[in-house]
Amino acid sequence: MTATSTLQQRSERAADKNAIRPFQVKVRDADLTELRRRIEATRWPDRETDASQGVQLATMQELARYWATEYDWRKVEARLNALPQFITEIDGVDIHFIHVRSKHEDALPLIVNHGWPGSIIEQLKIIDRLTDPTAYGGSAADAFHVVIPSMPGYGFSGKPTTTGWDPVRIARAWIVLMKRLGYKRFVAQGGDWGGVVVDMMAVEGAPELIGIHTNMPGAVPADVWKAVQSGGPVPSGLSDEERQRYEQMKGWFAKEVAYALQMGLRPQTLYGIADSPVG
């Protein structure tokens, strides 16, 4: 084998990895039947003795009833499949995304990030308004080409087999995705976990990214946030007001988002959530 042919094969393999492949949602009837069976077979806990103890039993039972008897999976599947969906491999993981181009060719490309435990379903309602603003009283100058990816491990994207897929790595992947789609100038939006990803996209400083919008801005310095998470002492150099805010945040983190601490430190202990649709 010549050096030329070897290089050509390597180039072809790289091209295959960078390929953007069409995708359609196809869930088997048997999987939906099993999903409903598992929901209906839920063993419920005792009713709460205090409203502060978490999601109330009656609320959860009503939600489960809706999912088992009313939710129209095929209707939602059809909504998704009516949109252009694709898969492409980035950093060894298949990334699923919706990509809807506006009829206005000068539209600004926009990547929209969902949060945890959400999905791209959250953004379906904004696609038409963003891509076709003239149909809603706006002007062509308001138009966007819209890209909505599923984060690694979510929805129809692949699941990473190694650690390290933090917001920084996802941010880099989204920059790769937008450039792979041919966009040399774009903006980004995100909320919840997706908001953290958007922050990190800005930190990366890619010249193609010209602006971000977030509905969960990260305004806490990294060293202070690390101390909040660990429950450690007040970091040095803070003003009296900042020290007070730090103590408030530490109390909030311990009482309101302990689930996030458990998921971050010991994710393998959450077997109930993986086994049960109600979980």
Side-chain angles (χ1 to χ4, degrees), residues 45 48-57 59-60 63 110-123 126 148-155 157 160 162-175 187-206 209 211-274 278-279:
E48 68 282 352
T49 57
D50 185 286
S52 68
Q53 293 175 329
V55 181
Q56 297 180 13
L57 179 62
T59 300
M60 201 66 223
L63 179 62
L110 164 68
I111 184 167
V112 183
N113 298 256
H114 67 80
W116 180 93
S119 74
I120 56 171
I121 298 293
E122 299 169 4
Q123 280 86 30
I126 65 174
I148 307 175
S150 297
M151 285 197 286
Y154 291 69
S157 283
T162 59
T163 59
W165 276 94
D166 59 4
V168 174
R169 192 167 179 181
I170 298 173
R172 291 170 180 164
W174 287 177
I175 293 169
V187 293
Q189 194 282 333
D192 192 77
W193 200 235
V196 182
V197 172
V198 163
D199 284 349
M200 294 302 103
M201 289 180 73
V203 170
E204 285 297 302
L209 179 65
I212 67 168
H213 175 276
T214 175
N215 54 335
M216 197 180 79
V220 181
D223 60 331
V224 176
W225 181 241
K226 185 176 181 180
V228 167
Q229 291 178 299
S230 66
V234 180
S236 61
L238 300 184
S239 67
D240 290 343
E241 182 180 1
E242 289 171 337
R243 290 169 64 91
Q244 181 183 4
R245 297 297 184 194
Y246 172 78
E247 293 297 345
Q248 290 176 336
M249 286 185 61
K250 192 164 67 169
W252 166 80
F253 190 81
K255 294 178 180 179
E256 301 296 333
V257 292
Y259 71 90
L261 192 60
Q262 176 74 357
M263 293 172 71
L265 294 175
R266 299 289 186 271
Q268 285 300 101
T269 64
L270 302 175
Y271 293 100
I273 292 178
V278 170

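Start at 1 with the first residue, then count along the sequence.
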Of Val203, Asn113, Val197, the one forming a side chain to side chain contact (heavy atoms under 4.5 Å, CB included) with Pro167 is Val197
Hits for side-chain hydrogen bond (donor to acceptor under 3.5 Å, both in side chains) against Ser150, two or more places apart or cross-chain, chain-then-number order -> His96
Heavy-atom pair of closest approach, residues Pro233 and Ala227
O-CB, 4.2 Å
Counting only pairs under 3.5 Å, give me each side-chain donor-acceptor contact of residues 214-223, with atom names and distances, residues two or more places apart or in other chains.
{"residue": "Thr214", "atom": "OG1", "partner": "Met216", "partner atom": "N", "Å": "3.0"}
{"residue": "Thr214", "atom": "OG1", "partner": "Met216", "partner atom": "O", "Å": "3.4"}
{"residue": "Asn215", "atom": "OD1", "partner": "Gly191", "partner atom": "N", "Å": "3.4"}

Report the residues that fulfil side-chain hydrogen bond (donor to acceptor under 3.5 Å, both in side chains) with Gln248, sequence neighbours left out, ordered by chain and then residue number.
Arg245
Rounded distance (nearest 0.5 Å) linking atom CD1 of Ile148 with atom CD of Gln189:
10.0 Å
List the atom of Gly115, the atom of Tyr154, and the distance in Å for their closest heavy-atom pair.
O-CE2, 4.0 Å
To the nearest 0.5 Å, what is the distance between CZ (Arg169) and OG1 (Thr163)?
8.0 Å
Heavy-atom nearest pair, Met60 first then Val278, reads CE-O, 3.8 Å
Does CG belonging to Asp50 count more than 12 external heavy atoms closer than 6.0 Å?
yes
To check you understand the geometry: which heavy-atom pair defines the closest contact between His114 and Met151, and what is its length?
NE2-N, 3.1 Å
Residues two or more places apart in sequence or in another chain: which of them pass side-chain hydrogen bond (donor to acceptor under 3.5 Å, both in side chains) with Thr269?
Gln262
All heavy atoms of Pro160 vs all of Gly153, minimum pair found to be CD-N, 3.9 Å
Within this structure, what is the CD1-CD1 distance for the pair Ile111 and Ile212, rounded to the nearest 0.5 Å?
13.0 Å
Suppose we screen for salt bridge (charged side-chain N to carboxylate O under 4.0 Å, His left out). Which residues come up paired with Glu247, at least two apart in sequence or across chains?
Lys250
Is there a side-chain contact between Leu57 and Glu48 in this structure, where contact means two heavy atoms from C-beta onward sitting under 4.5 Å apart?
yes
In this structure, CZ of Arg243 is separated from OH of Tyr246 (nearest 0.5 Å) by 10.0 Å
Qualifying side-chain hydrogen bond (donor to acceptor under 3.5 Å, both in side chains) pairs, either residue in residues 193-204, two or more places apart
Arg172-Glu204
